[in-house]
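Just so you know, these numbers come straight off a predicted model, no measurement behind them.
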Amino acid sequence: MSDHLAKGSAAMPSAPDRSEAGLADDALRGIGLMAAGFLLVTIADAAVKWALPEIGVAVAMILRGVIGAITVLVLTGGIRFHAVNRRLLAGRSILHCVVTVAFYLAWFQGMPLGDSYAVAAMAPLAMTILAIPLLGESVGWRRWLSTLVGFCGVLVMVRPGGDLWRWEAAVLLAGVGFMAITRIWTRMLARTDKPATVTLWLMLAHIPMGLAVLPIFPPIGWPSWSGCVAILLLGLANGAAHLLFARAFALAPVGLLAPFEYSTLVTGTLVGVLLWGDVPAWTTVMGASIVVSAGLYNLHRARLRAREAHEAEAALSKAEATPQAAPVIR
């Protein structure tokens, strides 16, 4: 990232304006990095879906771990990756690998990208519920009601007889629940460990996990030339995307970046249509729309509550800093 160019003092605004302009610029950069990261994730997911029929689930995980770890090391210049909260970091990495198995298995069985992203849109709603026991957060009745409506959207997608009425969707729903836990743990790890460290451990964890599931998902064969290109894209895009996410969250607030998670619904559906001709059913589109609307409303309420808490804290600090007038003795 290039630094901002210094300008003459005569052209410089006042200090508060300069600070606000810098924050706005960082927010825009964070949004750009987040959008690029999710685009890379879509590319990586399309690549692994392309290669899975040739190499299998376990081999795909191993190759993702090897190439992704190398990518992280190259992009970070091989900096030190000392882990502070090793237990949580290991638990988060292992659970994330379970999520990877769930998605890879669904794609191996032919589930379209757009459909899998529609199910994955439930993750922010699951985080709303899981943040109560894991982070001690409180959820008001509006977010409870919105979350319930969002889960009704999931029922619309996986209704009996619909395109998503299949066992792979149930596996994916369980994986999305685990994914919500890993994201909460990522927020907890941000207090102790560097984003690059979290990313590298995640990539490396895929190697032993892939070896562990080899008896369940044995290798299929050697990949074709297109499969080799897809495998390379899988590792490179995954490693780069997670680093972009880490940098984006360092520049901009989570509430500003979270809505871009739903962009994969659009890009994944387009890629699925172009590469495999997968057109989502109307029930999937309707259910996903309900889920996304509920997620965005929950985000709006969370940001509103955070703003109110910040204003109350600022008012209290101002009141404590204001000198009290001496009592008048009559």
Side-chain angles (χ1 to χ4, degrees), residues 34-54 57 60 99-128 146-180 183 226 230 233-234 237-238 241 245 257-299:
M34 181 61 66
F38 278 121
L39 180 60
L40 286 176
V41 164
T42 304
I43 294 173
D45 291 346
V48 73
K49 180 175 170 58
W50 184 278
L52 277 170
E54 300 182 4
V57 174
V99 176
T100 301
V101 172
F103 274 86
Y104 283 12
L105 180 58
W107 293 331
F108 182 77
Q109 296 295 329
M111 178 177 282
L113 280 181
D115 288 357
S116 64
Y117 288 157
V119 176
M122 190 196 73
L125 299 179
M127 287 180 64
T128 300
S146 176
T147 301
L148 179 60
V149 171
F151 282 122
C152 290
V154 175
L155 296 179
V156 172
M157 287 190 287
V158 298
R159 67 180 181 85
D163 283 9
L164 285 182
W165 183 250
R166 46 197 295 181
W167 65 267
E168 295 92 340
V171 172
L172 206 56
L173 280 171
V176 170
F178 290 144
M179 182 168 65
R183 291 181 179 177
S226 62
L233 283 175
L234 161 67
N238 264 298
F245 291 152
L257 302 176
F260 288 88
E261 179 176 350
Y262 297 120
S263 65
T264 56
L265 272 170
V266 178
T267 55
T269 300
L270 289 177
V271 171
V273 171
L274 293 175
L275 293 183
W276 294 282
D278 296 328
V279 179
W282 70 269
T283 51
T284 302
V285 175
M286 178 180 293
S289 300
I290 296 173
V291 173
V292 170
S293 299
L296 291 176
Y297 179 79
N298 280 0
L299 176 64

> Can you check whether V149 reaches Y297 side chain to side chain, under 4.5 Å on heavy atoms?
Replying inline: no
>> To the nearest 0.5 Å, what is the distance between OG1 on T264 and CG on L270?
In response: 11.5 Å
>> To check you understand the geometry: which heavy-atom pair defines the closest contact between T283 and V156, and what is its length?
In response: O-CG1, 3.7 Å
> If only atom types and distance count, is the side chain of S146 paired as donor or acceptor with the main-chain N or O of A294 below 3.5 Å?
Replying inline: yes
> Going by heavy atoms in the side chains, are W50 and W276 under 4.5 Å from each other?
Replying inline: yes
>> If the condition is side chain to side chain donor-acceptor pair (under 3.5 Å), which residues does T42 pass it with, not counting sequence neighbours?
In response: T267
>> I need the minimum non-hydrogen distance between G175 and V99, along with the two atoms involved.
In response: O-CG2, 3.4 Å
>> I'd like to know whether CZ of F151 has more than 12 heavy-atom contacts from other residues, nucleotides or ligands below 6.0 angstrom.
In response: yes
>> Is the shortest side-chain heavy-atom distance between D278 and V273 below 4.5 Å?
In response: no
> If you take all heavy atoms of A60 and L234, which pair is closest and at what distance?
Replying inline: O-CD2, 3.8 Å
>> Quick check for you: to the nearest 0.5 Å, what is the distance between L172 atom CG and E168 atom CD?
In response: 9.5 Å
> Closest heavy-atom contact between Y104 and L52?
Replying inline: O-CD1, 3.4 Å
> If every non-hydrogen atom of G150 is compared with every non-hydrogen atom of V291, which pair is closest and at what distance?
Replying inline: O-CG2, 3.3 Å
>> I need the W282 CH2 to S289 OG distance, nearest 0.5 Å.
In response: 11.5 Å
> Are any of the side-chain heavy atoms of F245 and L40 separated by less than 4.5 Å?
Replying inline: no
Without placing hydrogens or testing angles, list every side-chain donor-acceptor pair under 3.5 Å for residues 109-127, not counting sequence neighbours.
from: S116; atom 1: OG; to: W107; atom 2: NE1; distance (Å): 3.0
from: S116; atom 1: OG; to: L113; atom 2: O; distance (Å): 2.7
from: Y117; atom 1: OH; to: D45; atom 2: OD2; distance (Å): 2.5

> Looking at A35 and F260, what are the two nearest heavy atoms and their distance?
Replying inline: CB-CD2, 4.5 Å
> Counting distance only, does the side-chain N/O of T284 pair as donor-acceptor with the main-chain N or O of P280 below 3.5 Å?
Replying inline: no
